[in-house]
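Reading through the structure tokens given below for one structure.
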2 protein chains.
Amino acid sequence: MNNYPQASRILVAIDCIIFGFDGKDIKLLLIKRNFEPEKGKWSLMGGFLNQDEDLSDGAARILYNLTGLKDIYVEQLETFGKVNRDPGERTVSVVFFALIQIDDHDAEAVKSHNASWITLESRPGLIFDHEQMVNQAIEHLKYKAALHPIGFELLPERFTIPQLQKLYEAIYNIPIDRRNFSRKLLSTGLLIDTGYKNSNSTTKKAALYKLDVVKYKEKFHSFWNFMPDSMKQS
Amino acid sequence: MNNYPQASRILVAIDCIIFGFDGKDIKLLLIKRNFEPEKGKWSLMGGFLNQDEDLSDGAARILYNLTGLKDIYVEQLETFGKVNRDPGERTVSVVFFALIQIDDHDAEAVKSHNASWITLESRPGLIFDHEQMVNQAIEHLKYKAALHPIGFELLPERFTIPQLQKLYEAIYNIPIDRRNFSRKLLSTGLLIDTGYKNSNSTTKKAALYKLDVVKYKEKFHSFWNFMPDSMKQS
DNA sequence: ACAAAAGTGTTGACACTACACCCATGG
DNA sequence: CCATGGGTGTAGTGTCAACACTTTTGT
């Protein structure tokens with residue numbers, strides 16, 4: 001079967017940018033390569049698309065291999081296709097953007113891939129154009145989190161509003177007014193009070209909320225306004 | 001040079017969704033195929049990525065071939081990668097989204113490709129997954145135009161506010177209040193009054209504006225609010 | 001009782017909608 | 001001088017940022 005004889009067949013890679021949040025910092029799951037090429041250097045988790053595999057399945061496979069997780073939040077970000085982006089051979093790379101609840105990951109799998117969670121500030125240089133991919137993913141996270149309720153994907157099932165606030169402060173690297181933030185989030189109607197309180201606090205215990213999954217799915221594509229307007233002029 | 005012996009080489013296609021606006025309707029530039037495969041059916045303009053060509057250059061090449069235009073507004077939309085999306089051979093397709101000023105296109109080139117401008121409502125069924133690509137592009141246009149000043153890319157260099165309004169009404173298929181729209185757009189500071197008036201009007205002639213290109217580029221990534229809030233809950 | 005963190009109330013600034021009104025143009 | 005369409009004024013409403021105040025908890 002060769003209907004397009006003169007066209008070039010090209011390697012199609014999948015690279016995954018995986019974000020987590022530990023309660024204080026946004027972190028990336030990066031790999032210290034113990035394999036060729038570029039052995040010893042840092043890179044994103046990746047792999048090649050198989051001939052008989054849907055693109056989204058390829059991304060799910062690679063994410064599962066590293067984290068042990070399925071059904072996590074994944075978006076396709078962009079496809080990178082400079083001729084010499086991989087010096088070994090012409091390769092087009094489709095970049096995926098994933099958000100996970102950092103405590104759910106499979107520590108064994110991460111260890112076996114020689115991967116680590118690294119804060120955005122302390123991240124090392126990366127091979128190829130992976131640096132550019134990460135920068136773009138960070139921009140995308142900032143953009144999308146201001147308008148859509150994706151922050152929840154980084155938090156555990158039950159969370160407090162102050163935790164959520166710390167997450168947004170970490171994403172944008174700015175302080176947010178506690179009181180206005182709380183009201184803004186509650187007014188979305190996406191939060192359900194579980195009735196429980198956060199127990200690891202030495203002062204007033206914050207209420208534990210969970211996401212109203214039905215409303216979340218229904219209204220995901222609405223526009224919200226999760227950030228102070230001042231942020232939006234950046 | 002074969003550093004990745006076990007990986008599959010795959011055809012990489014580029015498909016282009018090209019929007020225009022004729023003053024009344026949003027239109028798509030589609031091709032009635034006079035070549036195989038699927039000869040006689042309608043499709044997007046496309047082609048294969050060459051071995052020695054950057055992905056973005058490939059898109060620019062294909063757009064130039066059909067429209068005769070360079071330096072137009074292009075975004076990468078998404079890469080489609082279902083195994084059987086092209087029955088001829090496994091092909092991954094990178095979809096690009098372009099906005100052009102409809103009067104600038106090269107009619108000869110369009111004709112020689114057997115292409116036509118077709119309104120969204122009257123568009124025919126398309127081959128493969130091109131239908132899905134178009135639907136996604138329409139959604140993207142609605143989304144992006146509400147938040148960023150991309151509408152200008154569809155208008156001629158000098159335009160009136162009523163023209164701009166008709167464009168937005170066509171995108172969202174709703175009526176917009178003339179007076180509020182005018183003020184909202186002027187308050188962005190992106191419009192420069194050219195001092196000229198629209199001459200093809202039989203009543204009061206509207207002022208001709210042009211885009212403040214410097215501010216446009218500076219503030220493109222800011223969030224705006226080009227649509228009435230009521231639209232945003234869709 | 002006090003310190004620290006969570007949560008509630010209030011107010012002024014500003015932006016948005018809706019609608020009344022004025023201006024320019026051609027027949 | 002009237003019909004049509006472009007452009008401006010304004011009042012009511014709602015939302016948001018800012019900040020004072022109250023509540024809960026462990027020591």
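Heavy atoms only: backbone and side chains are in, while hydrogens, waters and symmetry mates are out. Naming: A, B, ... by sequence-line order, numbering from 1 per chain.
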- Note on the structure: Rounded to whole Å, the CZ-P distance (B:Arg179 to C:dC22) equals 14 Å

- Query: Could you state the CD-P distance from B:Gln163 to D:dG6, rounded to the nearest angstrom?
  - Reply: 10 Å

Quiz: residues 187-194 of chain B side-chain donor-acceptor pairs under 3.5 angstrom, not counting sequence neighbours:
from: B:Ser187; atom 1: OG; to: B:Arg183; atom 2: O; distance (Å): 3.4
from: B:Ser187; atom 1: OG; to: B:Lys184; atom 2: O; distance (Å): 2.8
from: B:Thr188; atom 1: OG1; to: B:Leu185; atom 2: O; distance (Å): 2.6
from: B:Thr188; atom 1: OG1; to: B:Leu190; atom 2: N; distance (Å): 3.2
from: B:Asp193; atom 1: OD1; to: B:Gly195; atom 2: N; distance (Å): 2.7
from: B:Thr194; atom 1: OG1; to: B:Tyr196; atom 2: N; distance (Å): 3.2
from: B:Thr194; atom 1: OG1; to: B:Leu208; atom 2: O; distance (Å): 2.7

- Task: Rounded to the nearest angstrom, tell me the gap between atom NZ in B:Lys184 and atom C1' in C:dT17.
- Result: 9 Å

- Message: Tell me the interatomic distance from A:Phe226, atom CZ, to D:dA17, atom P, rounded to whole angstroms.
- Response: 13 Å

- Item | Pairing residues for B:Phe97 by the ring-ring contact (aromatic ring centres under 6.0 Å, His included) criterion, not counting sequence neighbours | B:Phe19, B:His140

Show which side-chain atoms of residues 21-29 of chain A pair as donor or acceptor with protein atoms under 3.5 Å away, not counting sequence neighbours.
from: A:Asp22; atom 1: OD1; to: A:Lys24; atom 2: N; distance (Å): 2.8
from: A:Asp22; atom 1: OD1; to: A:Asp25; atom 2: N; distance (Å): 2.7
from: A:Asp22; atom 1: OD2; to: A:Lys27; atom 2: NZ; distance (Å): 3.2

- Across all chains, not counting sequence neighbours, the ring-ring contact (aromatic ring centres under 6.0 Å, His included) partners of A:Tyr64 are none

- Query: Just how far, in rounded Å, is P of D:dG6 from CZ of B:Phe181?
  - Reply: 12 Å

- Selection residues 116-137 of chain A - residue pairs positive for salt bridge (Lys or Arg N to Asp or Glu O under 4.0 Å), sequence neighbours left out: A:Arg85-A:Asp129, A:Arg123-A:Glu131

- On the 0 to 90° scale, with breaks at 30° and 60°, tag the A:Tyr216-A:Phe152 ring pair as parallel, tilted or perpendicular. perpendicular

Listing time: all N or O pairs from protein to nucleotides 12-15 of chain D that are below 3.5 Å?
none

- Could you note down all residue pairs passing salt bridge (Lys or Arg N to Asp or Glu O under 4.0 Å) where residues 160-179 of chain B supplies at least one of them, sequence neighbours left out? B:Asp177-B:Arg179

- Item | Which nucleotide in D:dA18, C:dA6, D:dG6 has an atom nearest any side-chain atom of A:Asn180 | D:dA18

- According to the interplanar angle, ranging from 0 to 90°, do the rings of B:Tyr168 and B:Tyr172 count as parallel (below 30°), tilted (30 to 60°) or perpendicular (above 60°)? parallel

- Item | Rounded distance in Å - CZ (A:Arg183) to P (C:dA6) | 15 Å

- Message: From the set C:dG7, C:dT8, C:dA18, return the single nucleotide nearest to any side-chain atom of A:Arg178.
- Response: C:dG7

Return all side-chain donor-acceptor pairs below 3.5 angstrom for residues 98-106 of chain A, not counting sequence neighbours, or 'none' if the list is empty.
from: A:Gln101; atom 1: NE2; to: A:Leu155; atom 2: O; distance (Å): 3.2
from: A:His105; atom 1: ND1; to: A:Ile102; atom 2: O; distance (Å): 2.5
from: A:His105; atom 1: ND1; to: A:Trp117; atom 2: NE1; distance (Å): 3.4
from: A:Asp106; atom 1: OD1; to: A:Glu108; atom 2: N; distance (Å): 3.0
from: A:Asp106; atom 1: OD1; to: A:Ala109; atom 2: N; distance (Å): 3.2

- Task: Using whole Å, report how far CD of B:Gln165 lies from P of D:dG7.
- Result: 11 Å

- Per-nucleotide protein contact string for nucleotides 22-27 of chain D (B base, S sugar-phosphate only, - none; heavy atom under 4.0 Å): -BBBS-

- Check the distance between D:dT8's C1' and B:Leu185's CG and give it to me in whole angstrom. 16 Å

- Note on the structure: Nearest-nucleotide check on DNA chain C, A:Pro162 vs B:Asp177; residue mapping nearer the 5' end is A:Pro162

